[in-house]
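Sequence lines set the chain letters: A, B, ... in the order given, protein chains first and strands last, and positions in each chain run from 1.
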Amino acid sequence: MNNKEFQIVVLAKQVPDTHNVGKDAMKEDGTINRAALPAIFNPDDLKALEMALACKDALKDIMPVKVTIITMGPSRAAEIIRESMFRGADNGFVVSDRRFAGSDTLATSYALSAAVKKLGKIDIVFSGRQAIDGDTAQVGPQVAEKLEIPQITYAEDLLYVAEDEIVIKRRLERGVETVKTGFPVLVTVHGNANDCRPRHAKLLMTNKKACSVSEVLERQQSMEDMEALWAKKPFLKIEEWNADDINPDFERLGLTGSPTKVKSIENVVLTSKENKKINNSESEINELMKELVSAHII
Amino acid sequence: MNNILVFCEVTEEQHIAEVSLELCSKARKLADRLNSRLDAIVIGNEIENIEGQLYPYGVDSIFYLSDSRLSFYQTLPFFSTLTKIIKEETPDIVLFGATSVGRDLAPRIASYLRCGLTADCTSLEIGDHTDAKTKTVYKDILYQIRPAFGGNIIATIVSPETRPQMATVREGVMKKEIYNENHKGEVHNLKAEDYVNEGDFCIEIIERQIEAQKINIKGAPIIVAGGYGMGSKENFALLHELANAIGGEVGATRAAVDAGFTENERQIGQTGITVRPKLYIACGISGAVQHRAGMDQSSKIISINTDPNAPINAIADYTIIGDVMDVLPKMIKSIKN
C-alpha cells in the first residue's frame, strides 16, 4: 500500500431549484424570490461526487484516498457537505463571505481556486459541468486555468483510474471521445454520467451530527456541547472559511473582481399577435388542418 | 486595435462550422458599426479552401494554424494559440460558438486574460454605457444580451473595463448571411512551434466515436414540439406520429428532456437549438422565455395547452385549449383523411 494520500476535491454548489418554480418565485418587482425556492444539491455536482467516490472505490485498496467537498455560498450550504458525507465524502469546507457578493464566474473561480490551493497538493478536482441557476459551464474550466492544470470537460464515464493515470469518456455534441491523462487534472461531469449513490445507512448514523459553527449558532444549540463533541470526533466539524482564510488578492473578489456588469434588466413582456382560438372539436381542428394545407404550410 | 476576432470551429467533415459562419455574419455587422476589421482564427490540420469558406461572410484576415497533431480539438494547444494571438492582435471583441468546443475553450481563455465572458447570448449590439456610480462613459462597447434568472428577465451584460469583451452564442441564434461573394482578405499562416507548447499535448485522445447527425431539428420545416405537459415518454410517440404525417421533426423543451421523455438532441431553446420553421406546433408547452427564445421566430405557431393563460399562447397564431392527448389524435385523424 502506497502511503501517499490521494487527494480528490469536489466543487459543489447549492442552488435554487429552478425546475420547481412556483407562482411565488418571482417578486412583484420582477426579481427572484430566493426564499420561496427550495435549495438543492446542484444535479451535475451530485454526479461529480459520484465520479469522485467511484475513484475512491477504485483506488482505496492501493492507497489512502480522501474526498473533500468545497462549496461557496451562504452558511446553509453546509447542508450539501453533510449530504455528501452521508454518501461517502470525508469532509468539506463552506467558503462564505459577504465580500464574495456580486461575483461573476471569473471572481467565483478565483475564490474557489484559492480555496483549493489552501488544501495543498491535489490530484483530481471534480465539478459538475454546470449549475442549473446559471447554466454558464464556465467555472470548471476557469478553476483549471487558475490552478494551471489540464481540464477534461463533459465527463460521462470513468473508464479507468490508477495511481498515476485516469481514462475518461467525454460526451460531445455528436458522439463520445475517450481521453487519458495523468494528475493533477480537473474534470467537469456531464449530466449523462452515473447518478450518485444513495445515502449509506452507516454513514448517515456516523455523520448526522456533522455541522458548522454558523449552524450551531443559528440553531441556538450549546456551543460548549458541540465543542466537546468536535474534540472527540473532529470529522463532525464542517469548517467554514471566509475571504481572509483563502489568502486572496482582495481586488479579485466579489464585484470588484467581476469584469461583467449587468447594464440593465428587462422584464419579459410578451408581444401578442393576432391569436385565433380553435375549439377542441373534430370539426374545428379539421378546418385548421385544411387551412394549413391550402396555405402550403403542410 | 479595435478589431473583432471570431474563433472558427472546424467540423468532423473538415468544414468551417455553421455556428462560426453565423458568428462571422453577425460580427461583420458589428465591425461595420465600429469601423473595424473582422478577423477569424482557424486551427486544424490541412483544411481545404478556408478563404473560400470565410471571405464571403466578410472576414478580412484569417489566422490559420495547421498541424498534423491538431486534427481534433484539444483544450491546451488551442488555448495557447488563442491567448497568444489575442495578446498580439489585441482584439476588442472575441466571439465563440456555444458548442462543446467553445464552452470548453472560451472560459479558460477569459480566466487567463481576466476578462468578462457572457455565455449563450441571444443578441449582440454595440452601444454606450455609463457606470451608475462613477458616471464614467464607455463608448461603443458590446451589449451581451441573454435571458437570466429562470428566464423571467432579459439581462444586458457589459464588460466595460476589460478587453477583449468575450461572448458565446448558440448555433442558429444568429443568421448566416453572405456579406459579399467577392469580398477578399488575407491569410496569416501561424507556425505551431511559435504558438503551441509540447506540454499542451498532455491529454491523449485514445478513441473517438462520432455519429453522423441523425436528428435534424434545425433544418426541419415543421416542428412538433412537446413539453413537460406531455406527461410521459410514451405520450411522445403521438408527437412522432403527427410529425411523420405532416413531414416534420419532433422537438422538446428542456423540462421534457430533463424528465427523460426524449433525447437531448431534440431540445429547443436558449440552452438547446434555435429553430425558425414555417410551422411550430407547441404541445403541452407553457412557454418559458428560454424555450421561446429558441422558437419565437417560427412563421406560424400553434399552441395546444390546457391552460388558457400559458405564456406560449401570447405568441401563438392559433391556440387550442385542450388536453394534448385528446387534441393530437384529432389532428392526426384529420390529416390522414
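- For B:Y318, the OH atom is densely surrounded, since the number of other residues' heavy atoms within 6.0 Å is greater than 12.
- Contact count versus chain A (heavy atoms, under 4.5 Å) is highest, among B:G248, B:G322, B:G116, for B:G116.
- The contact between A:E291 and chain B is made entirely by side chain atoms (from C-beta outward), counting heavy-atom distances below 4.5 Å.
- With respect to B:K333 and A:E282, a salt bridge is recorded, a charged nitrogen being found less than 4.0 Å from a carboxylate O.
- B:L76 touches chain A through its side chain: at least one heavy atom from C-beta onward sits under 4.5 Å away, while N, CA, C and O do not.
- To the nearest 0.5 angstrom, B:I320 atom CD1 is 9.0 Å from A:E284 atom CD.
- Shown here is B:Y228, whose OH atom has no more than 12 heavy atoms of other residues, nucleotides or ligands within 6.0 Å.
- Residues of residues 251-262 of chain A lying under 4.5 angstrom from chain B, judged on non-hydrogen atoms, are A:R252, A:P259, A:T260, A:K261, A:V262 in numerical order.
- Between the NZ atom of A:K180 and the CD atom of B:E204 there is a distance of 5.0 Å, given to the nearest 0.5 Å.
- Between chain A and the residues B:T118, B:D323, B:T168, B:L117, the most heavy-atom pairs under 4.5 angstrom are made by B:L117.
- Looking only at heavy-atom pairs under 4.5 Å with chain B, the residue among A:T181, A:N280, A:V179 that has the most is A:N280.
- The contact between B:I222 and chain A is made entirely by side chain atoms (from C-beta outward), counting heavy-atom distances below 4.5 Å.
- Side-chain atoms of B:S100 never come within 3.5 Å of backbone atoms of A:L172 as a donor-acceptor pair (strictly under, hydrogens ignored).
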Run B:L279 and A:I298 through side-chain contact (heavy atoms from CB on, under 4.5 Å) and show every step you take. CA-CA 8 Å; B:L279 176 64; A:I298 56 177; 3.5 Å; yes

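- Using a cutoff of 4.0 Å between basic side-chain nitrogens and carboxylate oxygens, A:R174 and B:E13 are scored as salt-bridged.
- Taking 4.0 Å as the cut-off between side-chain N and carboxylate O, A:E177 and B:R208 count as a salt-bridged pair.
- Interface remark: B:I145 contributes no atoms to any contact with chain A (heavy atom separation under 4.5 Å).
- Of the inter-residue distances, the one linking B:S334 atom OG with A:E287 atom CD reads 9.0 Å to the nearest 0.5 angstrom.
- If you tally non-hydrogen atom pairs under 4.5 Å between each of A:L288, A:V293, A:T105 and chain B, the highest count goes to A:L288.
- Using a 4.5 Å heavy-atom cutoff, the side chains of B:R114 and A:L106 are in contact.
- By the 4.5 Å heavy-atom criterion applied to side chains, B:I154 and A:I265 are not counted as neighbours.
- Only the side chain of B:T162 comes within contact range of chain A, judged by heavy atoms closer than 4.5 Å.
- Residue B:F79 touches chain A through its side chain alone, counting heavy-atom pairs closer than 4.5 Å.
- Side chain of A:Q151 to backbone of B:D104: a donor-acceptor contact under 3.5 angstrom is found.
- One distance of note links CD1 of B:I157 with CG of A:D104; it measures 9.0 Å at 0.5 Å rounding.
- B:S111 and A:Q142 share no donor-acceptor pair across their side chains, judged by distance under 3.5 Å alone.
- Residue B:E207 touches chain A through both its backbone and its side chain, counting heavy-atom pairs closer than 4.5 Å.
- For a residue to count as touching a neighbouring chain, one of its non-hydrogen atoms must lie under 4.5 Å from one of that chain's; by this rule B:D200 does not touch chain A.
- Summarising the geometry of B:P107 relative to A:Q138, their closest heavy-atom pair is CB-O, 3.6 Å, with the distance given to 0.1 Å.
- Taking a 6.0 Å sphere around NZ of B:K218, one finds it holds more than 12 heavy atoms contributed by other residues, nucleotides or ligands.
- Interface remark: A:V167 contributes side-chain atoms only to the contact with chain B (heavy atom separation under 4.5 Å).
- Of the two parts of A:T188, neither the backbone nor the side chain holds a non-hydrogen atom closer than 4.5 Å to a non-hydrogen atom of chain B.
- Looking at B:C202, the atoms closer than 4.5 Å to chain A (heavy atoms on both sides) sit in the backbone and in the side chain alike.
- Atom CZ of B:R103 sits about 7.5 Å away from atom OG1 of A:T136, to the nearest 0.5 Å.
- Within the 4.5 Å cutoff, the side chain of A:I152 has heavy atoms near those of the B:I203 side chain.
- Note: A:E145 CD to B:T75 OG1 = 12.5 Å, rounded to the nearest 0.5 Å.
- Applying side-chain contact (heavy atoms from CB on, under 4.5 Å) to A:I285 and the options B:I335, B:V327, B:L328, B:I304 leaves one that passes, B:V327.
- Within the 4.5 angstrom heavy-atom criterion, only side-chain atoms of A:Q130, from C-beta onward, approach chain B.
- Side-chain contact check for B:K330 and A:N286: no donor-acceptor pair (N or O, by modelled atom type) lies under 3.5 Å.
- Put simply, the side chain of A:N275 never gets that close to the backbone of B:D317: no donor and acceptor are under 3.5 Å apart.
- Side-chain contact between B:N264 and A:N192 is present, with at least one heavy-atom pair separated by less than 4.5 Å.
- Between B:T99 and A:E173, the closest heavy-atom pair is CA-OE2, 3.0 Å.
- Of the two parts of A:I149, only the backbone, made up of N, CA, C and O, holds a non-hydrogen atom closer than 4.5 Å to a non-hydrogen atom of chain B.
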